[in-house]
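If you read the sequence from its start, that first residue is 1, and numbering goes on from there. Counting convention: from 1, in listed order, for ligands and their atoms alike.
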Amino acid sequence: MKPIYLDHNATTPVDAEVVEAMLPYLNVKFGNASSVHSFGRDAKVALENAREQIAQIINCEPSELYFTSGGTESDNLAVLGTAYHLKNKKNHIIIGATEHHAVLESAEYLAHHEDFKLDLLPVNREGFVSPAQLKELISEQTALVSVMHANNETGTIQDIGALTKVAHEKGVLFHTDAVQSTGKIPVDVKQMGVDMLSLTAHKIYGPKGIGALFIRQGVKIVPLFYGGSHEKKRRPGTENVAGAVGLAKTLEIAIKRMQADFDELSKLADYFIEKVTASIPDVHFNGSRQSRIPQTVNLSFEGIEGESILLALDIKGIACSSGSACTSGATEPSHVLTAMGIDKVVAQGAIRFSMGRSTTKEQLDYVVSVLMEEISRLRELSPVYRKGK
Ligand SMILES: Cc1ncc(COP(=O)(O)O)c(C=O)c1O
C-alpha cells in the first residue's frame with residue numbers, strides 16, 4: 001500500500017489548481033508589487049485582487065487584511081503588536097490554555113520581558129473555554145484576549161461570538177487564531193465579532209509561507225518589522241505575490257468544497273473512531289465529538305508513549321502526529337491535553353490522526369489493522385500498561 005498521510009493538520013499538499021494560479025507570478029509576472037513599471041503594476045493588481053477575494057470570503061474590507069508569512073507571524077503580530085501599542089496603559093493579557101505555541105509563547109514573552117500579567121483561560125474536558133470565566137478574568141488592565149477558533153490537536157471549535165461579546169462589553173480587544181478553521185468551517189469576522197484574526201494557506205491545500213492577519217479598522221498595533229511601507233507599514237517586506245494569489249485560490253476552492261468535505265470527513269472520522277475503539281481496549285477519545293473540525297481525531301492509547309506509536313506507524317507507512325506537529329520531538333505531554341484535565345500518562349499516549357481529501361475508508365481499515373497489531377506489541381513491552389485488565 002502507498003504511504004498513508006494522516007497529518008493534514010500539520011500541512012497539506014498544494015492543490016494543482018492553486019499551483020497553476022501561482023505559477024505565472026513566479027516566472028512571468030514576477031515583478032515587485034512596489035515597482036512603478038508594468039511588471040510591478042501587474043504584480044500589484046494580482047496582489048490587490050487576491051486581497052479583495054480573501055476579504056470577501058471572511059467578510060471584511062480589503063483594507064483590513066494584511067498579508068504575512070503565515071499563522072505564526074499573524075499570531076505574533078496580533079499579540080505582540082497590540083500589547084506594545086497598549087503597554088503604557090494596560091499590562092494584562094488573557095489567552096486560552098490550549099492556544100498554539102505561536103500565541104502562547106508570544107504571550108509568555110510579554111509576561112517574562114515586558115511586565116505583562118498573563119492569565120490562561122481554563123478549558124473543560126472537551127477543550128471549551130467558558131465566557132463566564134473570561135468575564136471574571138478581565139480587568140481594567142486587560143489589553144487583549146486571544147482564544148483560538150479551532151484547536152490544532154483536538155479540533156475543538158470555540159464559540160468565538162460568545163467570547164467576543166464578553167470582551168467587548170468590557171472594552172477589551174479580541175484576537176482569534178483561525179489557522180485550523182479557515183476554509184474548513186464558516187469564518188466570518190463580523191459574525192464572530194473579532195478585532196483580529198489569523199489565517200494561513202498551507203492547512204487547506206495552499207502553499208506554505210503565506211497567511212494573513214485581519215485587523216479591524218480602527219484597531220491600532222505596533223509593527224514587528226521595519227524597513228518599508230508595504231502593507232501600510234504594518235508588515236514591511238517585498239510582498240509574496242504568488243503566495244497571495246495562491247492563498248486566494250486556496251480559499252476559493254475550500255469554500256466551494258466546504259460542506260462536501262465536512263460531511264465526508266465527518267463520516268470517515270466517525271467510522272475510524274468507532275472502529276478503533278471497538279477493536280482496541282483502553283483507547284480514549286480526546287476532545288469534543290460534537291463541535292470539532294471533523295478531520296481531527298485525537299486518541300490516547302493507555303500505557304504507551306505517543307512517540308513509540310508514531311514511529312511504529314511510520315515504519316508501516318502511516319504518517320500521523322503525537323501532540324502538535326510544531327512541538328514534535330518534545331517528550332512532555334501536550335499542554336493542550338493536560339489543560340483539558342487529561343491524566344499525564346494518558347496524555348502521553350496521544351496520537352493525532354488528521355484526515356484530508358485523499359483519505360479513504362480502505363486506508364483507515366489498514367490503519368486500524370496496523371494499530372491493533374502495534375498497540376498490542378507495544379503494550380507487551382510496556383512497564384506501565386496494566387496487563388490482564
Ligand atoms: C492553530 C495554529 N496556529 C498557528 C499555526 C502556525 O501556522 P504557520 O504554520 O502558518 O506558521 C498552526 C500550525 O501548526 C496552527 O495549527
Side-chain angles (χ1 to χ4, degrees), residues 5-14 18 54 65-81 95-109 121 123 127-129 146-158 160 175-185 187 192 194 196-214 224-225 235 237 240 243-244 246-247 250-251 254 287 292-298 319-330 334-337 339-340 350 352-356:
Y5 187 74
L6 291 179
D7 204 11
H8 291 84
N9 282 16
T11 199
T12 53
V14 183
V18 173
I54 300 161
L65 200 66
Y66 298 81
F67 288 113
T68 66
S69 63
T72 303
E73 190 188 329
S74 295
D75 285 347
N76 273 258
L77 185 55
V79 173
L80 298 173
I95 66 166
T98 59
E99 293 306 300
H100 186 271
H101 285 265
V103 165
L104 183 61
E105 289 180 27
S106 299
E108 282 173 349
Y109 178 86
L121 185 59
V123 295
F128 295 109
V129 300
S146 180
V147 177
M148 71 205 311
H149 192 196
N151 185 271
N152 44 306
E153 292 188 34
T154 60
T156 298
I157 301 167
Q158 305 289 349
I160 297 296
H175 164 253
T176 193
D177 173 339
V179 161
Q180 289 289 350
S181 57
T182 309
K184 297 177 186 168
I185 54 173
V187 165
M192 293 161 96
V194 290
M196 286 169 282
L197 178 142
S198 305
L199 59 93
T200 201
H202 76 99
K203 308 288 186 186
I204 44 171
Y205 306 87
K208 292 166 188 61
I210 183 75
L213 178 65
F214 155 75
L224 303 182
F225 302 165
R235 201 285 187 175
N240 178 357
L247 174 57
T250 300
L251 277 168
R292 72 177 207 289
I293 42 167
Q295 49 269 71
T296 316
V297 176
N298 191 309
C320 50
S321 154
S322 71
S324 137
C326 307
T327 54
S328 63
S334 131
H335 73 284
V336 173
L337 301 184
M340 287 159 63
R352 179 188 71 184
F353 301 92
S354 47
M355 298 158 194

**Q** Using a strict cut-off of 4.0 Å, indicate which atoms of ligand 1 neighbour a heavy atom of H202.
**A** 8 (P), 9 (O), 10 (O)

**Q** At under 4.0 Å between heavy atoms, is it the side chain or the backbone of K208 that contacts ligand 1, or both, or neither?
**A** neither

**Q** Which of the atoms in ligand 1, numbered in the order shown and given with their element, are less than 4.0 Å from a heavy-atom of M148?
**A** 1 (C)

**Q** Using a plain distance cutoff, I'd like to know if G71 has any nitrogen or oxygen under 3.5 Å from a nitrogen or oxygen of ligand 1.
**A** yes

**Q** Can you find a side-chain donor-acceptor pair between H202 and T11 that sits under 3.5 Å?
**A** yes

**Q** Please answer whether the main-chain N or O of S198 pairs with a side-chain N or O of D177 as donor and acceptor at a distance below 3.5 Å.
**A** no

**Q** Is there a donor-acceptor contact under 3.5 Å from the side chain of H8 to the main chain of S354?
**A** yes

**Q** Quick test of your reading of the structure: of T11, N151, T72, whose heavy atom lies closest to atom 11 (O) of ligand 1?
**A** T72

**Q** Only heavy atoms of T200, strictly under 4.0 Å: list the atoms of ligand 1 that pass.
**A** 10 (O)

**Q** Which atoms of ligand 1 sit under 4.0 Å from any heavy atom of G70?
**A** 10 (O)

**Q** Restricting to side chain to side chain donor-acceptor pair (under 3.5 Å), what partner residues turn up for H335, sequence neighbours left out?
**A** none

**Q** Any salt bridge (Lys or Arg N to Asp or Glu O under 4.0 Å) pairs touching residues 71-80, not counting sequence neighbours?
**A** E73-R235

**Q** Hey, are N76 and S106 close enough side-chain-wise for a donor-acceptor pair under 3.5 Å?
**A** yes

**Q** Looking only at heavy atoms, is any part of D177 under 4.0 Å from ligand 1, and if so is it the side chain, the backbone, or both, or is it neither?
**A** side chain

**Q** Examine Q180 against ligand 1 and note whether any of their N/O atoms are separated by less than 3.5 Å.
**A** yes

**Q** Examine the proximity of ligand 1 to D75 and report which part, side chain or backbone, both or neither, has a heavy atom under 4.0 Å away.
**A** side chain

**Q** Please tell me if the side chains of T154 and L337 come closer than 4.5 Å, counting only heavy atoms from C-beta onward.
**A** yes

**Q** Do the side chains of H175 and L213 get nearer than 4.5 Å, heavy atoms only?
**A** yes

**Q** In this structure, does ligand 1 have an atom that sits under 4.0 Å from one of the heavy atoms of K203?
**A** yes

